[in-house]
Student: 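Dropping the structure in here first, questions after.
As the structure lists them, so they are numbered: ligands from 1, and atoms in each ligand from 1. As the structure is a computational prediction, the values presented were derived from the model and not from experiment.
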Amino acid sequence: MAKIAEIVANSVRPTFSIELWPPRSPESEAKLELALPLLERLHPTFTSITYGAGGSTRERTHDLVVRIKRMTSIEPMAHLTTAAHKKSELVAILERYRSAGIENILALRGDPPLDSQAGLELGELAHAIDLAKLARSVGDFSIAVAAHPEGHPESTDLNSDRALLASKLEIADLAITQFFFIADSYFQLVEDMDRLGVRKPIIPGVIAPTSLKTLERMANLSGLKIPDAVHERLYRVSDSAESVKSVGVEIAIELSEELLRRGAPGIHVFTMNEASTTVQICEGLGLAR
Ligand code: FAD
């Protein structure tokens with residue numbers, strides 16, 4: 001069984017999945033080489049591989065997805081974004097995945113990288129839902145989409161954002177959320193989808209905040225709510241990178257425990273290609289197999 005939606009639906013225990021980036025430099029390549037065997041030992045349910053909106057990682061994402069499929073025991077999910085792409089380019093990418101035996105796609109619109117000054121160039125397909133439909137027509141893929149528990153930062157109001165997500169989830173098989181720090185935000189999203197008649201798995205995305213500066217930057221850009229307690233715990237130890245890391249892992253574990261206790265189907269960890277924090281979260285939750 002290689003379709004992630006089926007694996008999640010049939011899992012008798014909470015799933016534990018991870019997100020990886022394709023390396024951008026010889027240093028980040030070396031870091032990934034060290035991390036991959038450590039992460040594989042956790043037997044994650046699947047790993048998703050990011051895609052640089054506009055195609056900046058087109059080959060590297062493809063290569064890492066195919067390598068993970070062929071050389072490891074982990075099932076990969078390829079991220080793909082509509083941004084800056086023609087429809088024909090997206091078809092070519094999807095057909096190439098299909099030929100390589102890749103069965104799982106995360107259909108996204110895309111965002112410019114955090115450090116980019118340039119805006120996002122929209123693609124021929126404007127929204128993730130259009131890509132989810134395209135992927136359905138190209139192959140027998142299991143299709144995931146992104147969800148934003150506190151609403152997408154560009155949306156005018158939460159109700160219309162929820163309605164658009166519900167339409168997207170009618171096409172897709174499951175959703176993975178953006179990371180957040182307030183468990184109620186996730187359960188409100190699940191309840192809102194249920195009210196709109198959508199009952200597909202929604203896997204919460206979790207991050208260990210290991211840098212106060214990056215976290216504040218992300219919050220400013222995305223409107224993410226950071227509880228004062230999270231901010232204070234990180235601020236208190238901010239003179240030691242090691243202490244920030246271990247407090248960040250504690251915060252991620254506490255949030256994940258609450259999410260799982262209240263019924264989330266699993267946890268998706270944004271690893272930033274960091275094996276040590278991911279191993280600590282997985283083991284801390286008792287989800288290593
Ligand atoms: P969409 O679903 O297209 O939504 C974008 C905005 O348009 C929202 O405000 C929505 O309400 C609105 N909208 C949606 N459909 C319609 C419609 N039909 N008409 C009008 N408005 C509409 N980005 C990357 O660049 N690369 C990655 O690899 C990547 N991985 C991610 C992984 C996860 C798990 C998550 C949660 C996000 C990821 N992102 C990635 C970020 C993502 O691309 C951004 O959050 C982006 O801003 C929105 O993407 P989306 O797929 O939700 O877009």
Student: Under 4.0 Å from a heavy atom of Ala53: give me the atoms of ligand 1 that qualify, with their elements.
Tutor: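 This gives 25 (O) as the contact atoms.
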
Student: Backbone or side chain, does any N or O of Glu154 fall under 3.5 Å from an N or O of ligand 1?
Tutor: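 Between Glu154 and ligand 1, no N or O pair is found under 3.5 Å apart.
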
Student: Thr271 and side chain to side chain contact (heavy atoms under 4.5 Å, CB included): which partner among Thr277, Ile281, Val279, Ile18?
Tutor: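 Per the side chain to side chain contact (heavy atoms under 4.5 Å, CB included) rule, the option paired with Thr271 is Ile18, out of Thr277, Ile281, Val279, Ile18.
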
Student: Look at atom 35 (C) of ligand 1 and say which protein heavy atom is nearest, naming residue and atom and giving the distance to 0.1 Å.
Tutor: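 That would be Ala146 CB, 3.7 Å.
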
Student: Is the shortest distance from a Lys or Arg side-chain nitrogen in Lys200 or Asp173 to a carboxylate oxygen in the other one below 4.0 Å?
Tutor: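 No.
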
Student: Below a 4.0 angstrom heavy-atom separation, can you tell me which part of Lys168, side chain or backbone, both or neither, approaches ligand 1?
Tutor: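 Under 4.0 Å from ligand 1, Lys168 contributes side-chain atoms alone.
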
Student: How far is atom 5 (C) of ligand 1 from its nearest protein heavy atom, and which residue and atom name does that atom have?
Tutor: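 Checked against all protein heavy atoms, atom 5 (C) of ligand 1 sits closest to Arg109 NH1, 3.8 Å.
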
Student: Is there a polar contact, in the sense of an N or O pair closer than 3.5 Å, between Thr81 and ligand 1?
Tutor: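 The answer is no, given that Thr81 and ligand 1 share no N or O pair closer than 3.5 Å.
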
Student: Between Leu131 and Val138, is there shared hydrophobic-cluster membership here, with clusters defined by ILVMFWY side-chain heavy atoms closer than 4.5 Å?
Tutor: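 Yes: a chain of side-chain contacts under 4.5 Å links Leu131 to Val138.
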
Student: Tell me every residue that passes ring pair (Phe, Tyr, Trp, His ring centres under 6.0 Å) with Tyr186, counting only those two or more places apart in sequence or in another chain.
Tutor: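 With neighbours one apart ignored, the set is empty.
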
Student: Between Arg233 and Glu254, does at least one N-O distance fall below 4.0 Å, as a salt bridge requires?
Tutor: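 Yes, charged N to carboxylate O under 4.0 Å.
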
Student: What protein heavy atom is closest to atom 45 (O) of ligand 1, reported as residue, atom name and distance in Å?
Tutor: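 The closest heavy atom on the protein side is His148 NE2, 2.8 Å.
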
Student: Atom 48 (C) of ligand 1: which protein heavy atom is closest, and how many Å away?
Tutor: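 Nearest neighbour among protein heavy atoms for atom 48 (C) of ligand 1, to 0.1 Å: His152 NE2, 3.3 Å.
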
Student: Within less than 4.0 angstrom of ligand 1, does Glu19 place any heavy atom?
Tutor: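 Yes, that is the case, since the closest heavy atom of the residue is under 4.0 Å from the ligand.
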
Student: Using a strict threshold of under 4.0 Å (side-chain N to carboxylate O), is an ion pair present between Asp140 and Lys3?
Tutor: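 So Lys3 pairs with Asp140 through a salt bridge.
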
Student: Please work out, at 4.0 Å between heavy atoms, whether the side chain, the backbone, both, or neither of Thr50 comes within that distance of ligand 1.
Tutor: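 Thr50 to ligand 1: contacts from backbone and side chain alike.
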
Student: Among all protein heavy atoms, pick out the one at the shortest distance from atom 14 (C) of ligand 1; state its residue, atom name and that distance to 0.1 Å.
Tutor: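 Answer for atom 14 (C) of ligand 1: His127 ND1, 3.5 Å.
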
Student: Are Arg195 and Glu191 close enough for a salt bridge, meaning some N to O gap below 4.0 Å?
Tutor: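 No, no charged N to carboxylate O under 4.0 Å.
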
Student: Tell me the protein heavy atom at minimum distance from atom 46 (C) of ligand 1, and give that distance in Å.
Tutor: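 Of the protein heavy atoms, Asp111 OD1, 3.4 Å lies nearest.
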
Student: What is the closest protein heavy atom to atom 11 (O) of ligand 1, and at what distance does it sit?
Tutor: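 Going by distance alone, atom 11 (O) of ligand 1 is nearest to Asp161 OD1, 2.7 Å.
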
Student: Taking all atoms of both residues into account, what is the closest heavy-atom pair of Phe16 and Val269, and its distance?
Tutor: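 Result for this residue pair: CE1-CG2, 3.7 Å.
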
Student: If you measure every N or O of Gly110 against every N or O of ligand 1, does any of those distances drop under 3.5 Å?
Tutor: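 Gly110 vs ligand 1: N/O contact under 3.5 Å present.
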
Student: Select the closest option to atom 32 (C) of ligand 1 among Gln178, Met77, His79, judged by heavy-atom distance.
Tutor: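 Of the listed residues, His79 has the closest heavy atom.
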
Student: Taking only heavy atoms of Leu106 into account, list the atoms of ligand 1 that are under 4.0 Å away from them.
Tutor: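 Heavy-atom distances to Leu106 below 4.0 Å select 32 (C).
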
Student: Please name the pair of heavy atoms, one in Val230 and one in Ile251, separated by the smallest distance, quoted to 0.1 Å.
Tutor: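 What the structure gives for the nearest pair is CG1-CD1, 4.0 Å.
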
Student: Number the atoms of ligand 1 from 1 as they appear, then name those within less than 4.0 Å of a heavy atom of Ile176, with their elements.
Tutor: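 Ligand 1 atoms under the 4.0 Å threshold to Ile176: 34 (C), 36 (C).
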
Student: If you measure every N or O of Ala128 against every N or O of ligand 1, does any of those distances drop under 3.5 Å?
Tutor: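 For ligand 1, there is an N or O atom that lies under 3.5 Å from one belonging to Ala128.
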
Student: Kindly compute the distance separating CG (Leu64) from CD (Glu29), expressed to the nearest 0.5 Å.
Tutor: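 Reported to 0.5 Å precision, the distance equals 9.5 Å.
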
Student: Verify the distance criterion only: is there a donor paired with an acceptor across the side chains of Ser48 and His268 at less than 3.5 Å?
Tutor: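 Result is yes, a qualifying pair exists.
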
Student: What residue and atom, counting heavy atoms only, is the protein's closest point to atom 26 (N) of ligand 1, and at what distance?
Tutor: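 Residue, atom and distance for the closest contact: Tyr51 O, 2.7 Å.
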
Student: Counting only heavy atoms not in Asp157 (residues, nucleotides, ligands), do more than 12 fall under 6.0 Å from its CG?
Tutor: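 Enclosed: over 12 neighbouring heavy atoms sit under 6.0 Å from CG of Asp157.
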
